[in-house]
Amino acid sequence: MDAKKIVASIFLPLFVFMVGVVGVEAATIKVNKVEKGTGTPIKGATLTLSKPKAGSALGDVIDSWTTDGTVKTITVEPGDYILVENTPASGYVSAVDKPIKITDANEEVVLTSESDYTKAEFSALDSKTGKAIAGVKFQLIDSKGKVYTEWTSTTSVHRINRIPLDTYTLKVVSVPNGYQLVGSQEVVIDELCYNVKLTKTNFPPTTEEETITNVPDTNANSSMILYGAGAMIILLGSGLVYKHAKQN
């Protein structure tokens, strides 16, 4: 038997065995999905790690997953990668894409993907004075017709955090005495709502402010005229009676 074949027959199985036991060294990317500002783990976001490819918007997908609040570990080889958030978790906006470069087979990259949450404020105002109105009952209804939340206004703005992205209807259910009921309005919660979205609803008063003026007392004047006319009639009647009696 050829000496090379003898060596190969001895060491090749040993090499395969050692590879199976020890394993081939590879780089790792660890992805942690958290809330911006607090570091709270986020569940429910859909992320994709891909390798950019010319002519392909998505590239070669390495892994895609939905976050569960734990750190995701992915084994990769050296090269360029990009982490994309396909769908944000409920109540959050999407994180920016993150490019990743792996230069060494033993490298470990720990990546934190932060998402900000949505913020919205609502106020009820007197259409004339601009002052806040307490006692207006609102409902925020989602695109499927379900009431997401409801509240009664106070003299402060009403703040709601982490509203899911959607197009809502802000419905006025009832108003306090002295104000007119107004129609519903559309409220869009989108990717820009990491900044506070303020929605104002103006309510016209039901009555105008009354102005008191002095007017003549026409009833008193009318009474005086009637009294004078009555006296004249009595005098005239008495004169006629006296004249008739004298002639007789």
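On a predicted model such as this, the values are computed, not experimentally measured, just so you know.
In this structure, Trp151 and Phe122 have side chains that are in contact, with non-hydrogen atoms separated by less than 4.5 Å. Under the 4.5 Å side-chain criterion, counting only non-hydrogen atoms from C-beta, Pro176 is in contact with Val136. Side chains of Val93 and Thr118 form a contact here, defined as non-hydrogen atoms less than 4.5 Å apart.
Checked by atom type, the side-chain pair Lys98/Ser113 shows no donor-acceptor distance below 3.5 Å. Counted by atom type alone, Thr38 and Thr40 present one or more donor-acceptor pairs between their side chains at under 3.5 Å. Thr48 and Asn86 share a donor-acceptor pair across their side chains, judged by distance under 3.5 Å alone.
Asn32 contributes atom CG, which lies 9.5 Å from atom CD1 of Ile42 (distance to the nearest 0.5 angstrom). Atom CZ of Phe138 sits about 10.5 Å away from atom CG of Leu140, to the nearest 0.5 Å. Atom CG of Asp142 is separated from atom CD1 of Ile189 by 12.0 Å, given to the nearest 0.5 angstrom. Distance check: Ile29 CD1 to Leu49 CG gives 5.0 Å after rounding to the nearest 0.5 Å. Taken to the nearest 0.5 Å, the NZ atom of Lys43 stands 14.0 Å off from the OG atom of Ser90.
For Lys36, the NZ atom counts as loosely surrounded, since its 6.0 Å shell holds 12 or fewer non-hydrogen atoms of other residues, nucleotides or ligands. By the 6.0 Å contact criterion, NZ on Lys137 is open, its count of non-hydrogen atoms from other residues, nucleotides or ligands being 12 or less.
Under a 3.5 Å cut-off, the side chain of Gln180 and the backbone N or O of Pro205 do form a donor-acceptor pair. Under a 3.5 Å cut-off, the side chain of Glu191 and the backbone N or O of Ser94 do form a donor-acceptor pair. The main-chain N or O of Ser184 is never found under 3.5 Å from a side-chain atom of Lys171 such that the two would form a donor-acceptor pair. Between the Thr67 side chain and the Gly69 main chain, no donor and acceptor come within less than 3.5 Å of each other. Between the side chain of Thr46 and the main chain of Ser64, no donor-acceptor pair closer than 3.5 Å is present.
Using a cut-off of 4.0 Å between Lys/Arg side-chain N and Asp/Glu carboxylate O, Lys101 and Asp80 are scored as salt-bridged. With salt bridges taken as basic N to acidic carboxylate O contacts below 4.0 Å, one links Glu85 and Lys33. Salt-bridge formation is detected for the pair Asp63/Lys72: a Lys NZ or Arg NE/NH1/NH2 atom is positioned less than 4.0 Å from an Asp or Glu carboxylate oxygen.
Residues Ile62 and Leu111 are members of one and the same hydrophobic cluster, defined by side-chain heavy-atom contacts under 4.5 angstrom among Ile, Leu, Val, Met, Phe, Trp and Tyr. A continuous path of ILVMFWY side-chain contacts below 4.5 Å connects Val109 to Val76, so both sit in one hydrophobic cluster. Neither Phe203 nor Val173 shares a network with the other; the hydrophobic side chains, linked directly or stepwise wherever heavy atoms of I, L, V, M, F, W or Y lie under 4.5 Å apart, form separate groups for each. In the hydrophobic cluster analysis, where Ile, Leu, Val, Met, Phe, Trp and Tyr join through side-chain heavy atoms closer than 4.5 angstrom, Val182 is grouped together with Ile133. Both Val172 and Tyr148 belong to a single network of hydrophobic side chains, linked directly or stepwise wherever heavy atoms of I, L, V, M, F, W or Y lie under 4.5 Å apart.
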Report the C-alpha distance between Lys197 and Val187 in whole Å, list the side-chain angles of each, state the deciding distance to 0.1 Å, and finish with yes or no for side-chain contact (heavy atoms from CB on, under 4.5 Å).
CA-CA 9 Å; Lys197 183 183 184 72; Val187 178; 4.1 Å; yes
Show your reasoning for whether side-chain hydrogen bond (donor to acceptor under 3.5 Å, both in side chains) applies to Glu186 and Thr169.
CA-CA 5 Å; Glu186 183 179 271; Thr169 298; over 6 Å; no
Could you walk me through whether Tyr179 and Asp126 pass the side-chain contact (heavy atoms from CB on, under 4.5 Å) test, one step at a time?
CA-CA 8 Å; Tyr179 290 95; Asp126 185 299; 2.7 Å; yes
Donor-acceptor list for residues 158-168 side chains, cut-off 3.5 Å, not counting sequence neighbours:
unit_1 : atom_1 : unit_2 : atom_2 : d
Arg159 : NE     : Asn161 : OD1    : 3.0
Arg159 : NH1    : Glu121 : OE2    : 3.2
Arg162 : NE     : Glu35  : OE1    : 3.1
Arg162 : NH2    : Glu35  : OE1    : 3.1
Arg162 : NH2    : Glu35  : OE2    : 3.2
Asp166 : OD1    : Ser143 : OG     : 2.9
Asp166 : OD2    : Ser143 : N      : 3.2
Asp166 : OD2    : Ser143 : OG     : 3.0
Tyr168 : OH     : Pro164 : O      : 2.8

